[in-house]
Student: 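Take a look at this one; I'll ask things after.
Keep in mind that what you see is a predicted model, and the values were worked out from it rather than measured. Atoms considered below: every heavy atom in the structure, side chains included; atoms not considered: hydrogens, waters and symmetry mates. To find a chain, count down the sequence lines: A is the first, B the second, and so on, and within it residues start at 1.
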Amino acid sequence: MEYEFRENEAKWQKYWADHKTFAAAKDKTKPKYYILDMFPYPSGAGLHVGHPLGYIASDIVTRYKRMQGFNVLHPMGYDSFGLPAEQYAIQTGQHPAITTEQNINRYREQLDKVGFSFDWDREVRTSDPAYYKWTQWIFMQLFNSWYNKDTDKAENLASLISIFEQNGNANVKAVCSETEQFSSEEWKNYSEEQKQIILLNYRLAYLSDTMVNWCPQLGTVLANEEVKDGLSERGGYPVIRKEMKQWSLRIIAYADRLLEGLDRIDWPEPIKEMQRNWIGKSEGSTIRFQLKDHAEAIEVFTTRPDTIYGVSYMTLAPEHELVKKICTADRKATVEAYIDIAANRSERDRMADVKTISGEFTGAYVVHPFTGKDIPVWIGDYVLAGYGTGAVMAVPGHDTRDYAFAKHFDLPILEVVSGGDLSVEAYDAKQGAMVNSDFLNGLEVYDAIKAAIAKIEEKEIGKGTIQYRLRDAIFSRQRYWGEPIPVKFKNGIPELLAEDKLPLKLPEVDAYLPTESGEPPLARAKNWMSDDGFALEASTMPGWAGSSWYFLRYMDAKNEHEFAAKEELNYWQNVDLYIGGAEHATGHLLYVRFWTKFLFDLGMIPKDEMAKKLINQGMIQGVSCFAHRIQGENKYVSFNLIKDQKTTAIHIDVNLVENGVMDIEAVKAWKPDMANAEFILEDGKFICGHEVEKMSKSKYNVVSPDVIIEQHGADTLRMYEMFLGPLELGKPWNTNGIEGVSKFIRRVWRLFHDATGNLIIDESDATKDELRTLHKTIKKITEDIDRFSFNTCISTFMICVNELTEMKCHKRSVIEPLVLILAPFAPHLCEELWSILGHKESISAAPFPKYNEAYLVQSSFEYPISINGKTRTKMELDLGLNNQQIETAVLESDEVQKFLEGKQPKKVIIVPGRIVNLVI
RNA sequence: GCCCUGGUGGUGGAACUGGUAGACACGCAGGACUUAAAAUCCUGUGGCCAUUGCGGCCGUGCGGGUUCGAUUCCCGCCCGGGGUACCA
C-alpha cells in the first residue's frame with residue numbers, strides 16, 4: 001500500500017486544529033521564542049505559491065524550536081486595509097469589508113491546507129474595529145507627544161507646555177516645524193487657538209502642506225503606482241502635482257536612533273544598508289545668498305562648503321517658493337512654461353532621466369557672500385523641492401550634475417580643488433588641495449570644510465547643519481478603505497476625539513469615490529461629525545499604519561482594555577525571528593521600527609526594536625506562457641516553428657501548459673476566441689514561449705499552491721519550495737523537480753513498509769554504518785536549520801534515505817530519530833509515522849534528537865603521508881587538517897617524491913585525502 | 001539615474017572561513033522487471049579530444065588584477081530582479 005497523503009494530511013490538520021497543538025502556552029516559566037511572518041494582504045487572486053515560501057521556513061523553525069522546548073509564539077493575521085479592495089468597490093459597489101472577508105476566508109482555507117503551525121486564536125485583521133481602535137489610539141499618543149532633543153526621546157506635550165509657561169520656547173530643543181520665538185509672558189497671553197497652532201508645530205503627528213499626484217478628472221489623489229507616463233492608470237487622464245494639507249508623522253525626530261539601532265540588531269546587511277541610505281544622513285552647512293534687488297535671500301544646503309569659491313550659478317527647484325517672485329518680466333513666459341512641464345513629471349522620472357538636461361534662467365542674480373560677484377539664478381528639475389532647501393549652489397567643477405548642467409548651458413566651470421581634469425569631467429573626490437579660494441587655499445578638503453563652516457558662521461550667513469534625505473512620513477490618504485483619523489476640527493484647529501469614542505468606525509457611504517468638491521470619500525457619509533457638532537477628519541490612515549505595531553497585538557490579541565497587557569509584553573518582549581520580503585526594507589520595516597521606538601519612549605513596551613533577527617525570503621516570480629498567433633490570421637504556431645513569421649504573443653494560463661507543451665483542448669475551452677483557431681504543431685505537440693514576470697492575475701501566471709497540494713500533497717509542496725534554492729534568493733516558479741521530492745516522501749514511507757504495505761520495522765540494534773549515517777544527518781540538519789539553509793537540509797535528507805535504502809535499514813533505532821528530525825519539514829507524514837511507531841502524543845511535543853560525535857568517526861586506514869614526523873590516517877585528514885601549519889611533510893608516494901626531488905616543502909595544503917598544493 | 005541584490009552543466013541548485021567545481025534533484029540516454037503501460041530498480045550524463053585502460057585540455061556572465069591556488073577577494077563592464085516615499 002502506498003502512502004495516502006490526501007486522507008493523512010486532512011487527518012492531521014484536523015488533529016492539530018482540534019487539539020490546539022500550536023497555541024502558545026500561558027505558562028510563562030518556559031523560555032519564549034517569538035517567530036513572526038509578514039502578514040499578507042488578502043488579494044482577490046488568492047494565495048499564490050510565493051506566499052508560503054517564507055511561511056514554510058518560519059513553520060520549520062517553529063516546529064524545531066517547539067521540539068527544543070521553547071514556548072513558541074507563531075501567529076498569523078491579515079493586513080486587510082488596502083487599495084485593491086477599494087478599487088474593486090469603486091467598480092462594483094460591493095463594500096470592501098465584504099470582499100475582504102471573502103478573500104480572507106479563501107486565504108485561510110489555502111493556508112490550512114499547507115499544514116502551518118499558526119496559533120489562530122491570536123489572529124489579527126487590521127481592518128477590524130477591535131484592532132484599529134488601537135491603531136487610532138497610537139495616533140493619539142503621537143498627536144499628544146513632542147520630541148525633546150535634550151532627553152533624546154518623545155515626551156507628552158504636558159512637559160513642553162510647562163516649559164513654555166516658565167521660559168517660553170527660546171531654549172527648547174525640539175524636533176519641530178519652524179516656529180517664531182516667544183516668551184513665557186507671550187505664551188500666557190496667547191489665545192487657546194494661537195496656542196494650538198503653535199503646538200501643532202511640535203506634535204509628532206502634525207498637519208502640513210505636501211505634494212501629491214492629483215488627477216483633476218478623477219477628483220482624487222493617486223499613488224505613484226496608479227500613474228503611468230503622467231496619466232492615470234484608470235481612465236488615462238492627466239495627473240498633476242499639487243500641494244495639499246496632509247497629516248505627517250515626524251519620523252525625522254528618530255533619524256539618528258533609527259541609524260544607531262541598526263548596529264544592535266541581527267538583520268541582513270543589505271537591508272541595514274538600504275535603511276542607512278534611505279535616512280541619508282549628511283553633514284554640511286546652510287549658506288544664505290542675498291538676492292540682488294530683493295529683500296529675500298536664497299538658502300542652500302551643501303555638503304561641500306569648501307567649494308564655495310567654485311560657485312558659478314544657483315539652481316532652484318522649479319517648485320521653489322521664490323521662483324515666481326524673482327523671475328524677471330522678460331523671462332516670465334519661458335520660466336512658467338518650464339515649471340508647468342516639470343510639475344507634471346514625477347520625482348522618479350526627474351531623477352531617472354539624467355540624460356535630458358533642462359532648465360531656465362530666471363533673470364535674477366544673487367551676490368556671492370565672499371567675492372561679492374553677481375551669480376545668476378537658474379531653475380532646473382534635477383533639483384528636488386523635497387530635499388534640503390530645494391535650492392543648490394552649483395559648483396560645476398566638483399559636482400557631476402552641476403557639471404553636466406553647466407556644459408549644456410555654457411556656464412563657467414571653476415576649479416577650486418586640485419587633482420582633476422575639468423576639461424573632461426567634474427572632480428568630485430574629497431581629496432586634494434584647495435586653489436583659487438582665498439582663505440582656503442592650500443588646505444585639504446576635510447580641513448577646508450571645517451574652515452569654511454567656521455567662516456560662514458562667523459559671517460552669520462549660515463551654519464553647520466546635519467541634513468537627512470529622509471522626509472517626514474505623510475500619514476493621510478484620500479481613501480475610504482483605511483483607518484479613520486480620530487480628529488475633529490474646531491475652527492480649522494484639529495483636536496482629538498475623546499478616548500472613549502474609539503474605535504471611530506468607518507461610516508457607510510453611497511460611493512467609494514471622492515465628493516464632487518474633491519473631498520475624500522468619508523466626507524460623503526451622513527453626519528460625518530463629532531457628537532459636539534464639529535467636522536471629522538475625512539482622510540484615512542495609510543496602509544502601513546496597521547502593520548507598524550501588529551507584532552505587539554499578537555502578544556495579547558483579544559485585550560479590550562489595552563493594546564496588550566504589561567505582563568504579556570514583558571514576557572514576549574519582541575520578535576526573535578522575523579521573516580518577510582526585502583521589498584519592505586524602506587517602508588514597513590522602517591515605520592515599524594519608528595513606532596516601536598516611540599512606544600518605548602512612552603514606557604509602554606520593554607524593547608525599542610521590533611525584531612532581533614530578520615530573514616528576507618526571495619520573491620517567487622511567475623513564468624508566463626505565450627502562444628504565438630500569426631499576425632492577421634487565427635492561426636497559432638508552435639514556438640520552434642516561428643522562424644521569421646510575424647506573430648503576436650498571447651498569454652496562456654500557465655496551468656494549461658506542462659513542460660512547455662500546451663493542452664490545446666483545455667485552452668480552447670478556456671478562451672472562446674481560440675476555440676476555432678488552427679494550431680501548427682511540431683512533433684505532434686504545441687510548444688509555448690515563456691518569460692519571467694511578477695506573478696499577477698492579469699498575466700495568467702499565478703500558480704496557486706492548491707493544485708500542487710492536490711496532486712502531490714502538502715508535505716511535498718513544503719519540501720519542494722524549500723528545495724527550490726536558498727530562501728533569500730528570488731526565483732521563477734517551476735515544478736520541474738517536484739517529482740524528486742514526491743519520490744522522496746514515498747521512499748521514507750518505504751523505510752517502514754514493504755511493497756505490500758506491511759510494517760517492516762526492525763527492532764534489532766543498528767550497525768556502526770547505520771548510526772554514522774543517522775548522526776551525520778542529525779548534525780547537518782541541526783547546523784543547517786540554525787543557519788536557515790533549508791534547501792541543503794532537503795538534500796541531506798535525500799542522501800540519508802538513499803543510504804538507508806541501500807543498506808536495507810529498517811531499524812527503529814535509526815528511523816525513529818530520522819522521523820523526528822524530518823518532522824518540521826514534512827509534518828503530516830511524520831505525525832503518521834510517529835503514531836505507527838506506537839506513540840500517542842503529537843510528534844511536535846517530542847524532543848528534537850541530538851547527534852553524538854562518537855558515531856561520526858569512520859573506520860580508519862593508513863594513508864601514505866607523514867606530517868610533522870607522524871604518519872596520518874585518512875580518517876585524521878577527514879577530521880580536518882586543512883590549512884594547519886605543517887613543518888615537515890614526507891609524502892610517501894613515488895610521484896610526489898619525484899616532484900620534490902628530495903627538497904622539503906615550505907607549505908603543504910591538504911584537503912581530505914589529497915595534497916592540493918605544495919610550495920617548495 | 002540612485003540604493004540593494006543576483007549571474008555556476010540542458011534545468012533548479014551544492015561548494016559554510018581562498019583549497020578536489022558541479023553534491024542532491026530534475027531532465028535525457030541505455031538497461032532490468034512487465035504481454036504492455038505506470039511504478040520501481042540499476043548504469044551513464046559539464047564541454048572538447050582520447051576512448052585499448054591510464055588519460056589530456058577547457059570550464060563558475062565579460063575584461064583585468066591580487067594569490068602557490070579565485071565560483072569565493074579587488075577594479076572596470078554587460079545582463080536579470082527588488083526598492084525609489086499614496087502597491088502591499
Side-chain angles (χ1 to χ4, degrees), chain A residues 2 38-43 79 81-84 87 210 212-213 220-227 246 251 268-278 280 346-355 382 386 401 469-479 482 542-544 547 581-588 590-591 616 618-619 621 659 692-694 720 723-726 728-732 734-741 743-744 746-747 750 755 783-784 787 789 791-792 794-799 802 805 882-883 905-907 909-920:
Chain A
E2 281 295 312
M38 289 182 187
F39 58 172
Y41 171 78
S43 105
D79 190 9
F81 273 133
L83 208 45
Q87 283 187 331
T210 33
V212 294
N213 299 316
T220 187
V221 176
L222 297 176
N224 284 341
E225 180 143 308
E226 297 175 284
V227 184
Q246 303 266 45
I251 189 172
E269 211 42 59
I271 295 285
K272 292 188 187 181
E273 199 55 29
M274 277 190 262
Q275 292 206 348
R276 287 191 191 105
N277 292 336
W278 187 257
S346 71
E347 267 184 32
R348 205 187 301 174
D349 279 351
R350 284 165 57 173
M351 284 187 291
D353 185 10
V354 290
K355 289 192 183 87
Y382 76 101
R401 286 158 308 176
R469 207 188 72 99
L470 182 72
R471 307 204 284 257
D472 276 343
I474 301 168
F475 201 66
S476 316
R477 298 293 183 268
Q478 282 63 46
R479 308 279 183 190
W544 51 268
S547 59
E583 66 271 22
H584 301 284
T586 54
H588 162 64
L590 201 58
Y591 295 128
N616 292 123
M619 182 176 278
Q621 292 133 329
N659 290 328
V692 174
E693 297 177 296
K694 202 169 185 166
Y720 182 62
F723 186 60
L724 218 46
E728 318 81 58
L729 253 51
K731 52 228 148 195
N734 76 80
T735 54
N736 292 346
I738 199 157
E739 272 308 322
V741 176
K743 209 184 283 179
F744 166 81
R746 295 196 293 270
R747 298 185 82 182
R750 256 180 273 125
E783 286 169 357
D784 284 354
R787 65 186 180 103
S789 175
N791 55 328
T792 52
I794 311 297
S795 296
T796 304
F797 281 124
M798 289 180 174
I799 294 168
N802 285 351
T805 306
N882 281 7
N883 300 325
K906 282 186 197 134
K907 196 174 162 195
I909 290 167
I910 295 163
V911 298
R914 184 160 163 186
I915 308 294
V916 167
N917 215 296
L918 296 167
V919 186
I920 306 169

Student: Does A:Glu273 or A:Gln478 map to a spot on RNA chain B nearer the 5' end, using the closest nucleotide for each?
Tutor: A:Glu273

Student: Is any side-chain nitrogen or oxygen of A:Lys743 closer than 4.0 Å to OP1 or OP2 of B:rC26?
Tutor: yes

Student: Rounded to whole angstrom units, what separation is found between the CD1 atom of A:Ile794 and the P atom of B:rA23?
Tutor: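 It works out to 18 Å between those atoms.
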
Student: Please confirm whether the shortest side-chain N or O distance from A:Asn802 to OP1 or OP2 of B:rA25 is below 4.0 Å.
Tutor: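 Checking A:Asn802 against B:rA25: at least one side-chain N or O falls below 4.0 Å of OP1 or OP2.
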
Student: Just the rounded figure in Å: distance from P of B:rU84 to CD1 of A:Ile271.
Tutor: 12 Å

Student: Contact class for A:Pro40 (heavy atom, under 4.0 Å): base, sugar-phosphate, or nothing?
Tutor: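 Nothing, no heavy atom under 4.0 Å.
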
Student: Any base atoms under 4.0 Å from A:Ser43, or only sugar-phosphate, or nothing? Heavy atoms, all strands.
Tutor: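 If one applies the 4.0 Å heavy-atom cut-off, A:Ser43 turns out to touch nothing in the nucleic acid.
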
Student: Within the 3.5 Å criterion, strictly below it, is a donor on A:Arg747 or A:Asn802 matched to an acceptor on the partner's side chain?
Tutor: yes

Student: List the residues meeting salt bridge (charged side-chain N to carboxylate O under 4.0 Å, His left out) with A:Asp79, not counting sequence neighbours, and say none if there are none.
Tutor: none

Student: Report which part of the nucleic acid A:Gly730 touches: base, sugar-phosphate, or nothing (heavy-atom distance under 4.0 Å, all strands).
Tutor: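 No contact at all - A:Gly730 keeps every heavy atom at 4.0 Å or more from the nucleic acid.
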
Student: Counting side-chain heavy atoms from C-beta on, which of B:rC3, B:rC86, B:rG27 comes nearest to A:Gln246?
Tutor: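 Nearest listed nucleotide: B:rC86.
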
Student: Please examine the side chains of A:Tyr591 and A:Pro542, heavy atoms only from C-beta on, and report whether any two atoms are closer than 4.5 Å.
Tutor: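 Counting from C-beta outward, A:Pro542 and A:Tyr591 never come under 4.5 Å.
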
Student: If pairs are Watson-Crick or G-U with both distances under 3.5 Å, what is the dot-bracket string of RNA chain B, marking crossing pairs with [ ] and pairs to another strand with |?
Tutor: (((((((..(((......[....)))((((((.......))))))((((.....))))..(((((..]....))))))))))))....

Student: How close or far is atom P of B:rA85 from atom CZ of A:Arg477, stated in whole angstroms?
Tutor: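 Interatomic distance, CZ of A:Arg477 to P of B:rA85: 11 Å.
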
Student: Would you indicate, yes or no, if B:rA85 has its OP1 or OP2 atom less than 4.0 angstrom from a side-chain nitrogen or oxygen of A:Asn224?
Tutor: yes

Student: At their closest point, which heavy atom of A:Met38 faces which heavy atom of A:Gly581, and how far apart are they?
Tutor: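 In this case the closest contact between A:Met38 and A:Gly581 is SD-N, 3.6 Å.
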
Student: Distance between the C1' atoms of B:rA50 and B:rC57, in whole angstroms?
Tutor: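 The same atom, C1', in both gives a distance of 11 Å.
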
Student: Counting the atoms with a prime plus P, OP1 and OP2 as sugar-phosphate, which does A:Pro542 contact under 4.0 Å by heavy atoms, base, sugar-phosphate, or nothing?
Tutor: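 No contact at all - A:Pro542 keeps every heavy atom at 4.0 Å or more from the nucleic acid.
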
Student: Can you work out whether A:Asn791 or A:Gly737 has the more 5'-proximal nearest nucleotide on RNA chain B?
Tutor: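 Counting from the 5' end, the first nearest nucleotide belongs to A:Asn791.
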
Student: Within this structure, what is the OH-to-P distance between A:Tyr591 and B:rU84, rounded to whole angstrom?
Tutor: 10 Å

Student: Looking at B:rC3, B:rA15, B:rA88, which one has an atom nearest to any side-chain atom of A:Thr792?
Tutor: B:rA15

Student: Can you tell me how the ring of A:Phe723 sits relative to the ring of A:Tyr720, calling it parallel under 30°, perpendicular over 60° and tilted otherwise?
Tutor: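 If you compare the ring of A:Phe723 with that of A:Tyr720, the planes turn out tilted.
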
Student: Could you check whether any side-chain heavy atom of A:Met798 comes within less than 4.5 Å of a side-chain heavy atom of A:Val741, counting everything from C-beta outward?
Tutor: yes

Student: Hey, is B:rG9 sitting syn or anti, using the within-90° cutoff around 0?
Tutor: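 Syn conformation here, the glycosidic angle of B:rG9 being no more than 90° from 0.
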
Student: Which value, in whole Å, describes the distance between the P atoms of nucleotides B:rU67 and B:rC54?
Tutor: 37 Å

Student: For atom C1', what is the distance between B:rA25 and B:rC79, given to the nearest Å?
Tutor: 27 Å

Student: Any side-chain N or O of A:Arg746 under 4.0 Å from OP1/OP2 of B:rU40?
Tutor: yes

Student: Whole-Å distance between B:rG9 C1' and A:Asn736 CG?
Tutor: 15 Å

Student: Distance check needed: B:rG83 P versus A:Asn277 CG, whole Å only.
Tutor: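 It is 17 Å, rounded to the nearest whole Å.
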
Student: Taking only the side-chain heavy atoms of A:Val212 (C-beta and beyond), determine which of B:rG27, B:rG83, B:rC86 contains the nearest atom.
Tutor: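 The answer is B:rC86, which lies nearest to the side chain.
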
Student: Using a 4.0 Å heavy-atom cut-off across all strands, classify A:His588 as base, sugar-phosphate, or nothing.
Tutor: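 Nothing: the residue A:His588, judged by heavy atoms under 4.0 Å, touches no strand.
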
Student: What is the minimum heavy-atom distance between A:Arg469 and A:Asn277, and which atoms define it?
Tutor: NE-O, 3.3 Å

Student: A:Ile799 has a side chain; which of B:rG82, B:rG27, B:rC24 sits nearest to it?
Tutor: B:rC24

Student: Rounded to whole Å, please give me the gap between CG in A:Leu590 and P in B:rA88.
Tutor: 17 Å

Student: Measure from the side chain of A:Arg471, starting at C-beta and using heavy atoms only, and say which of B:rC4, B:rC41, B:rA85 lies closest.
Tutor: B:rA85

Student: Starting the side chain at C-beta, find the nucleotide from B:rC41, B:rC3, B:rU84 nearest to A:Trp278.
Tutor: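 In terms of side-chain proximity for A:Trp278, the closest of B:rC41, B:rC3, B:rU84 is B:rU84.
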
Student: Quick check for you: among B:rG82, B:rC86, B:rA15, whose closest atom lies nearest to any side-chain atom of A:Val221?
Tutor: B:rC86

Student: With rounding to whole Å, what would you report as the distance between B:rG30 and B:rA37 at their P atoms?
Tutor: 13 Å

Student: What do the steps show when you test A:Leu470 against A:Leu590 for side chain to side chain contact (heavy atoms under 4.5 Å, CB included), and what is the final call?
Tutor: CA-CA 11 Å; A:Leu470 182 72; A:Leu590 201 58; 4.0 Å; yes

Student: Name all residues meeting the side-chain hydrogen bond (donor to acceptor under 3.5 Å, both in side chains) criterion together with A:Arg479; count only those two or more places apart in sequence or in a different chain, and write none if there are none.
Tutor: A:Glu226

Student: With rounding to the closest Å, how many angstrom separate the C1' atoms on B:rG7 and B:rU11?
Tutor: 15 Å

Student: What nucleotide, of B:rC86, B:rG82, B:rC41, holds the atom closest to the side chain of A:Arg747?
Tutor: B:rC41

Student: Select one nucleotide: of B:rA15, B:rG83, B:rC4, the one nearest the side-chain heavy atoms of A:Arg787.
Tutor: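 My answer, after comparing the listed nucleotides, is B:rA15.
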
Student: Select base, sugar-phosphate, or nothing to describe what A:Phe744 touches, counting heavy atoms under 4.0 Å on all strands.
Tutor: nothing

Student: So with a 6.0 Å cut-off around CZ of A:Arg401, is the heavy-atom count from everything else above 12?
Tutor: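 For A:Arg401, atom CZ is not crowded (no more than 12 foreign heavy atoms under 6.0 Å).
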
Student: Taking B:rG12 as the reference, what is the distance to B:rG81 when you measure between their P atoms (whole Å, please)?
Tutor: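 15 Å, rounded to whole Å.
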
Student: In whole Å, measure the gap between the C1' atoms of B:rG61 and B:rU71 for me.
Tutor: 12 Å

Student: Could you work out which one of B:rA88, B:rC4, B:rC26 sits closest to the side chain of A:Tyr41?
Tutor: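 Nearest listed nucleotide: B:rA88.
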
Student: Find the distance A:Arg479:CZ to B:rA88:P and express it as a whole number of Å.
Tutor: 8 Å

Student: Suppose you measure atom C1' in B:rU60 against the same atom in B:rA21; what distance do you get, rounded to whole Å?
Tutor: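 The answer is 8 Å between these two C1' atoms.
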
Student: Tell me if the centroids of the rings in A:Trp544 and A:Phe475 come within less than 6.0 Å of each other.
Tutor: yes

